[in-house]
Enquirer: 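I'd like to ask you about the structure that follows.
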Number of protein chains: 2
Amino acid sequence: MIEYSSQPHYLVAVDCIVFGFDGAHLKILLVKRGIEPEINKWSLMGGFVGANESPDDAANRVLKKMTGLEGVYLEQMQIYGEPKRDPIERTLSVGYFALIDIHKYEAQLNTDYEAEWFLIGERPKLIFDHDQMVADARKKLRYKASLHPILFEMLPKQFTLPQLQNLFEEVNDTKMDTRNFSRKITSTGLLIKLEEKDRSSSKKGAYYFKLDKKKYKAKFQAFLNLIPNLKN
Amino acid sequence: MIEYSSQPHYLVAVDCIVFGFDGAHLKILLVKRGIEPEINKWSLMGGFVGANESPDDAANRVLKKMTGLEGVYLEQMQIYGEPKRDPIERTLSVGYFALIDIHKYEAQLNTDYEAEWFLIGERPKLIFDHDQMVADARKKLRYKASLHPILFEMLPKQFTLPQLQNLFEEVNDTKMDTRNFSRKITSTGLLIKLEEKDRSSSKKGAYYFKLDKKKYKAKFQAFLNLIPNLKN
DNA sequence: AAATTAATTGTCAAAATGACATTTAATTAT
DNA sequence: ATAATTAAATGTCATTTTGACAATTAATTT
C-alpha cells in the first residue's frame with residue numbers, strides 16, 4: 001500500500017518567460033542568476049514556491065520582486081520535471097509566460113537585480129532547460145495570440161496600427177498585408193481611434209489607438225481569427 | 001541569499017481525468033481511492049511522481065497500471081498547488097486529461113482497481129479538488145477539440161458519422177446541423193468511407209468510416225474550424 | 001403494400017477571406 | 001516655392017466559407 005510518508009519530496013520552483021515589445025521588436029527579459037550553481041549566468045526570472053503560496057502566487061511574487069509590476073498578464077505554461085534537470089537536487093519548475101508593457105517596467109525598474117531586455121533572436125544561452133522553456137513559450141504565445149487578443153498586454157495605452165501589425169508579425173514570424181490586417185483588426189471592434197498622431201516614425205504620422213477594455217473583456221474568450229491562413 | 005537547502009520540499013503527484021465515449025455519451029473513468037485519507041471515496045486516477053520519472057512518465061505509468069493501456073492520448077493540463085489542497089501534507093498535483101477508446105479499455109480491464117465509467121453528468125462527488133479538475137478538463141477538452149481533431153482518440157477504429165456528431169455535440173454541449181457537420185468534417189479529408197454499415201442503430205444503417213492516419217498527423221497542428229459559430 | 005425510422009444529401013444567400021495598388025499627409029531637398 | 005520623399009491609410013473584386021434550411025433514400029416493421 002502506498003503511503004505519503006514513504007514518498008520522495010522535491011523542490012518546486014517557478015520560472016517566468018517575460019515578453020515585451022519596444023514598438024518594433026519582440027524582447028525577452030532575463031536576469032543574472034544570484035545563486036549557485038551557475039551563479040552570474042543569464043537565466044529566466046524564477047524562485048521557489050514558498051510554504052504558504054501556490055505556484056501562481058509564487059510567479060506573481062517573483063515578478064513583483066524583480067520588475068516592480070503587479071497585475072501582470074501571466075499564464076501557466078507547463079511543468080518541467082525531468083529528474084536530472086537541476087544538477088544539484090531534484091527540482092520541478094512550473095513555467096509561466098508573462099506579457100508586460102516595456103514602458104511600465106522601465107518606470108519601475110528594480111535595480112537590485114541585474115535584469116536586461118534582449119531581442120528575442122539575440123538572447124544569450126540560458127542555464128538548465130531554460131532555452132527549451134523559451135522555445136515553448138514562444139510557441140504557446142503564438143498559439144494563444146492567434147485566437148485571443150493577448151498581445152495588447154504588451155502595448156502601451158496608446159499605440160498605432162503599424163506598431164500593432166509589427167507586433168503580430170514579430171510574434172508570428174511572418175509578414176501580413178497592411179490592408180487585410182487593418183480590416184480584420186478593425187472589425188473586432190476592440191480599437192478606439194484617437195485624434196492624436198504619433199509623428200516619431202514618419203512624416204505623415206500614424207493615428208494613435210487605444211484598447212476598448214469593455215469589449216476586450218467581453219470578447220477575450222471568443223475565438224478571433226487574427227492570423228490569416230497563408231497559402232503556399 | 002536563497003539557497004536550496006533552506007527551501008521547503010513537497011510531494012508531487014499526478015491526476016488523470018480519463019474521458020471515453022460509448023457511442024452516445026461522454027464518460028469519465030473513476031476509481032475508489034486505495035489510501036487514507038478519504039479511502040474508498042471516488043477519485044481520479046493518480047499517484048505520486050517517483051524519484052526517477054518525470055510527471056509525464058508518472059501519468060503514463062498510472063494509466064498503464066490502472067487501465068492496462070499504453071500509448072494513450074495524454075495532455076498536461078495545469079498544476080494544482082494550493083497549499084491546503086491535501087489535508088495531510090502539502091502535495092502539488094499535475095492534472096492530465098486522457099482520451100481513450102472505451103472498447104480497448106474493456107478488453108484490458110485491470111480488476112485490481114475498482115474502476116468504473118460514469119456518465120459525465122452523473123458522476124459522484126470526488127475528493128479534494130478533483131471536481132475542479134474535472135471541470136477544468138472539460139473546458140480544456142472543448143477548447144482543444146474545437147481546433148484539433150483529438151476526439152478521434154476516443155473512437156474505435158470504425159465509427160459512423162452520427163456517432164462522430166454525437167461525440168462533438170456531447171463535448172460541446174450543443175446540437176449541430178447534420179448537413180453542415182457532414183460537410184465540414186468531410187472537407188477536412190480526415191475520413192475514409194468504408195463499405196460496411198453499422199446496422200445496430202437504425203434500419204437503414206450508417207456507413208462506417210475510419211481515420212486517415214497520415215492526414216491526421218499532417219493536419220493535427222493546423223487549426224481546423226470544427227465547431228460552428230452559433231448565432232443567437 | 002404501407003408505415004416507420006434514421007441516414008444521407010443539396011441549395012442559396014450572406015459573410016469572410018485573400019490578393020492586389022493608389023492616394024494621402026506630411027517633411028525634406030532642390 | 002516646388003519637387004521629391006517617406007510611411008500611413010484606404011477600396012475593389014473574385015473566391016471561398018459559412019449558416020440556415022427540408023426532401024429523399026434505404027432498410028425494417030406493421
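To find a chain, count down the sequence lines: A is the first, B the second, and so on, and within it residues start at 1. All values below were derived from every heavy atom in this structure, side-chain atoms included, with hydrogens, water molecules and symmetry-related copies excluded. As the structure is a computational prediction, the values presented were derived from the model and not from experiment.
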Enquirer: Consider the side chain of Arg199(B), meaning its heavy atoms from C-beta on, and name the nucleotide among dA8(D), dT9(C), dA27(D) that approaches it most closely.
Expert: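 That would be dA27(D).
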Enquirer: From CG of Asn166(A) over to P of dA7(D), roughly how many Å is that when rounded to an integer?
Expert: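 Interatomic distance, CG of Asn166(A) to P of dA7(D): 12 Å.
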Enquirer: Kindly say whether, by distance alone, the side chain of Lys203(B) makes a donor-acceptor pair under 3.5 Å with the base of dT4(C)?
Expert: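 Side chain to base: pair found, below 3.5 Å.
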Enquirer: With no angle test and no hydrogens, is the base of dA7(C) tied to the side chain of Lys204(B) by a donor-acceptor pair under 3.5 Å?
Expert: yes
Enquirer: Step by step, would you call His25(A) with Phe19(A) a ring pair (Phe, Tyr, Trp, His ring centres under 6.0 Å)?
Expert: CA-CA 10 Å; His25(A) 295 291; Phe19(A) 291 108; over 10 Å; no
Enquirer: Base, sugar-phosphate or nothing for Thr160(A)? Non-hydrogen atoms, less than 4.0 Å.
Expert: nothing
Enquirer: Does Phe152(A) have its ring centroid less than 6.0 Å away from the ring centroid of Phe159(A)?
Expert: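 Yes; Phe159(A) has its ring centre under 6.0 Å from that of Phe152(A).
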Enquirer: With respect to the phosphate group of dA25(C), does any side-chain polar atom (N or O) of Lys197(A) fall under 4.0 Å of OP1 or OP2?
Expert: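 No, Lys197(A) has no side-chain N/O under 4.0 Å of OP1/OP2 on dA25(C).
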Enquirer: Using a 4.0 Å heavy-atom cut-off, does Ser201(B) contact any base of the nucleic acid, only the sugar-phosphate backbone, or nothing at all?
Expert: sugar-phosphate
Enquirer: Let me know the distance between OH of Tyr207(A) and P of dA8(D), rounded to the nearest Å.
Expert: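 Tyr207(A) atom OH is separated from dA8(D) atom P by 14 Å.
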Enquirer: Measure from CZ on Arg179(B) to P on dT24(D) and round the result to the nearest Å.
Expert: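 To the nearest whole Å, that distance equals 13 Å.
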Enquirer: Will you find, in the side chains of Gln132(B) and Asp136(B), an N or O donor that is under 3.5 Å from an N or O acceptor?
Expert: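 The answer is yes; a qualifying pair exists.
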Enquirer: Do we get Lys193(B) above Tyr207(B)'s six-membered ring, with its NZ or CZ under 6.0 Å from the centre and within 45° of the axis?
Expert: yes
Enquirer: In this structure, how many angstroms lie between the P atom of dA19(C) and the NZ atom of Lys184(A), rounded?
Expert: 11 Å
Enquirer: Rounded to the Å, how far apart are Asn180(B) CG and dA14(C) P?
Expert: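 Asn180(B) atom CG is separated from dA14(C) atom P by 17 Å.
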Enquirer: Just checking, any donor-acceptor pair under 3.5 angstrom between side chains of Tyr216(A) and Glu153(A)?
Expert: yes
Enquirer: Whole-Å distance between dT8(C) P and Leu164(B) CG?
Expert: 12 Å
Enquirer: Answer with base, sugar-phosphate or nothing: what part of the nucleic acid does Arg183(A) contact at a heavy-atom distance below 4.0 Å?
Expert: base
Enquirer: Tell me: CG of Asn225(A) to C1' of dT16(D), nearest whole Å?
Expert: 13 Å
Enquirer: Rounded to whole Å, how long is the line connecting atom CG of Leu226(A) with atom P of dA16(C)?
Expert: 14 Å
